[in-house]
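A short write-up of the structure that comes next.
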Amino acid sequence: MPAQIATATPVAHAALLGLGVYRPRRVVPNAEIVDRIDSSDEWIRTRSGIEARHWADADETIVSMSTAAARDALEAAGVTAQQIDAVVLATSSQMVLGPSAGAVVATELGMHDTAAFDVSAGCAGFCYALANAANLVRAGQARHVLVIGVERLSDLLDQDDRTCAFIFADGAGAVVVGAAEEEGIGPVAWGSDGSQTAAIKQDKDFQQYFAEVAEAEATGGHAERPYIRMNGAAVFRWAVTFLEKACRDALDQAGVTVEDLDAFVPHQANGRITDALLRALHMPESIAVARDIAQTGNTSAASIPMAMEQLLRSGESKPGDTALLLGFGAGLAYAGQVVRLPAIS
Ligand code: UT7
């Protein structure tokens, strides 16, 4: 008889225990970027809802921004770094392929021998990471998990690209996930569609770029580095037609109706996408709606924790409120879940 393999001891419920964010020091108003993309403050505000964004300085790295956000999340949760059993970090703009940023952040926070890994799911990254963290806790594989969403998208921006230069931005958000007496993180509704890869993508891979550099060196030409590119209209169309179903799926799985919600925290992609989802879902006007995009821009995997923090900091929402989160973007990938909002420090 082969030896029986034991399973970890599961716990019934997981919840968001604390939240922290890092907003880069440098604020970039629309006025600073409009000339290079032949745009206007008014066009950007009305078409996207963005008034300003934060772009990181050299010392505000993926690791340093994550570490700062994580410290605040730990403090808000009343949990020490030593109590964290796993770090799950979502990003699409870490320029180092190895080691994982999560492992470096864990060490920066003073953790030893802690499981750590990165998740790449574009702007859905935070909700993907959160789903995995909640399942690790419920399965009894980790007592506490630190989930981080972080981006330095300014590194991937072609400053002359009219579609992307005004949208994408930098920042970090982190939450601590742990066991709870009642459920605080509903089942995830998620998916992806690789057939729509062209809608948002890095325009060339590094092998192509190196080949172009070699050719440029041989011919005296110029090699353009890889940038993020987006077919804005295609993504917009997908978001306003497909994502209503994702929201309804997350609500149904959690056994919650739109009327039960206190807050809606969609990925901060475009204020008009948020408005379209509010209409499609017939959300009551009493629901607090995250509008962090106005001052923060689109920070991809960081946008949902940053937007949650803005709602809590402003007093529009309070810890314990029931919120629907929805991440969506490159992949095209999406993930959403109903949560109870955490404490902030
Ligand atoms: O986070 C990942 C997920 N990303 C998203 O969800 C982003 C989704 N897409 C969007 O948010 C929108 O598509 C954008 C904000 C990127 C663009 O807004 P749009 O309303 O879809 O603009 P468009 O590309 O359809 O262009 C409309 C017009 C065009 O002019 P004509 O042909 O109507 O004369 C464009 O040339 O606006 C023009 N235009 C601009 N004008 C000033 C396009 N970009 C700009 C610009 N400034 N930056």
Side-chain angles (χ1 to χ4, degrees), residues 28-54 90-93 120-128 149-154 156-171 173 190-194 196-203 227-244 246-247 265-278 280 290-294 296-307 325-336:
V28 181
N30 290 340
E32 226 178 278
I33 56 174
V34 289
D35 288 348
R36 278 186 75 165
I37 56 172
D38 185 22
S39 189
S40 68
D41 177 46
E42 211 238 324
W43 190 94
I44 296 173
R45 280 174 196 251
T46 50
R47 302 310 289 175
S48 72
I50 298 171
E51 297 168 17
R53 75 285 292 139
H54 297 248
T91 189
S92 296
S93 50
S120 170
C123 307
F126 178 79
C127 291
Y128 265 75
V150 57
E151 302 287 2
R152 260 184 72 105
L153 289 161
S154 56
L156 282 163
L157 282 185
D158 172 357
Q159 302 285 348
D160 296 314
D161 180 340
R162 293 181 100 200
T163 307
C164 293
F166 69 92
I167 287 194
F168 292 113
D170 306 336
W190 54 1
S192 71
D193 180 3
Q196 299 199 64
T197 297
I200 315 180
K201 62 186 283 235
Q202 184 174 312
D203 59 2
Y227 291 116
I228 189 170
R229 301 287 178 199
M230 178 168 69
N231 178 340
V235 182
F236 193 97
R237 222 173 12 256
W238 170 74
V240 299
T241 54
F242 180 77
L243 294 174
E244 175 194 351
C247 291
V265 190
H267 165 49
Q268 302 292 287
N270 185 320
R272 289 188 295 132
I273 294 176
T274 301
D275 292 337
L277 287 170
L278 289 174
R291 301 278 185 190
D292 194 37
I293 193 168
T296 305
N298 176 339
T299 57
S300 191
S303 89
I304 288 180
M306 293 179 84
L325 313 183
L326 177 71
F328 56 90
L332 294 174
Y334 69 92

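Counting starts at 1 for both ligands and their atoms, in listed order.
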Do any nitrogen or oxygen atoms of [X] come within less than 3.5 Å of a nitrogen or oxygen of ligand 1?
{"X": "S40", "answer": "no"}
{"X": "C123", "answer": "no"}
{"X": "D38", "answer": "no"}
{"X": "R272", "answer": "yes"}
{"X": "T163", "answer": "no"}

Any chance you could measure [X], atom [atom1], to [Y], atom [atom2], to the nearest 0.5 Å?
{"X": "C123", "Y": "L326", "atom1": "SG", "atom2": "CG", "answer": "11.0 Å"}
{"X": "L153", "Y": "L157", "atom1": "CG", "atom2": "CG", "answer": "6.5 Å"}
{"X": "N298", "Y": "D292", "atom1": "CG", "atom2": "CG", "answer": "11.0 Å"}

Kindly indicate, with the supporting measurements, whether the criterion side-chain hydrogen bond (donor to acceptor under 3.5 Å, both in side chains) is fulfilled by T299 and E151.
-> CA-CA 6 Å; T299 57; E151 302 287 2; over 6 Å; no
Spell out, as yes or no, whether a donor-acceptor pair under 3.5 Å connects the side chain of [X] to the backbone of [Y].
{"X": "D203", "Y": "Y227", "result": "yes"}
{"X": "Q268", "Y": "P266", "result": "yes"}
{"X": "R162", "Y": "S39", "result": "no"}
{"X": "R152", "Y": "D170", "result": "no"}
{"X": "S192", "Y": "G331", "result": "no"}

Among all the protein's non-hydrogen atoms, which is closest to [atom], and how far away is it?
{"atom": "atom 10 (C) of ligand 1", "result": "N270 ND2, 3.5 Å"}
{"atom": "atom 9 (N) of ligand 1", "result": "G232 O, 3.0 Å"}
{"atom": "atom 35 (C) of ligand 1", "result": "R162 NH1, 4.3 Å"}
{"atom": "atom 26 (O) of ligand 1", "result": "W43 CZ2, 4.6 Å"}
{"atom": "atom 5 (C) of ligand 1", "result": "V235 CG1, 3.6 Å"}

Give the atom numbers and elements of ligand 1 that come within less than 4.0 Å of a heavy atom of [X].
{"X": "S39", "result": "42 (C), 46 (C), 47 (N), 48 (N)"}
{"X": "A233", "result": "13 (O)"}
{"X": "N298", "result": "1 (O), 2 (C)"}
{"X": "I200", "result": "2 (C), 3 (C)"}
{"X": "F166", "result": "15 (C), 48 (N)"}
{"X": "H267", "result": "1 (O), 2 (C)"}
{"X": "M230", "result": "4 (N), 7 (C)"}

Any non-hydrogen protein atom below 4.0 Å of [atom]?
{"atom": "atom 24 (O) of ligand 1", "result": "no"}
{"atom": "atom 18 (O) of ligand 1", "result": "yes"}
{"atom": "atom 31 (P) of ligand 1", "result": "no"}
{"atom": "atom 2 (C) of ligand 1", "result": "yes"}
{"atom": "atom 47 (N) of ligand 1", "result": "yes"}

Is the ring centre of F328 less than 6.0 Å from the ring centre of F242?
->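 F328 vs F242: aromatic centres not under 6.0 Å.
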Should one rank A301, A269, G331, G122 by closest heavy-atom distance to atom 6 (O) of ligand 1, which comes out on top?
-> A269
Please walk me through it: do F236 and N270 pass side chain to side chain contact (heavy atoms under 4.5 Å, CB included)?
-> CA-CA 8 Å; F236 193 97; N270 185 320; 3.8 Å; yes
So, are R36 and D158 salt-bridged, with charged N and O less than 4.0 Å apart?
->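 Salt bridge between R36 and D158, a charged N being under 4.0 Å from a carboxylate O: no.
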Under the side chain to side chain contact (heavy atoms under 4.5 Å, CB included) rule, what do T46 and R272 come out as? Steps first, then yes or no, please.
-> CA-CA 9 Å; T46 50; R272 289 188 295 132; over 6 Å; no
Quick one: does V34 get a heavy atom under 4.0 Å from ligand 1?
-> no
I167, portion touching ligand 1 at heavy-atom distance under 4.0 Å =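 The answer is the side chain.
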Would you call the rings of W43 and F166 parallel, tilted or perpendicular, where under 30° means parallel and over 60° means perpendicular?
-> perpendicular
Residue pair H267, F126: steps toward the side chain to side chain contact (heavy atoms under 4.5 Å, CB included) verdict | CA-CA 10 Å; H267 165 49; F126 178 79; over 6 Å; no
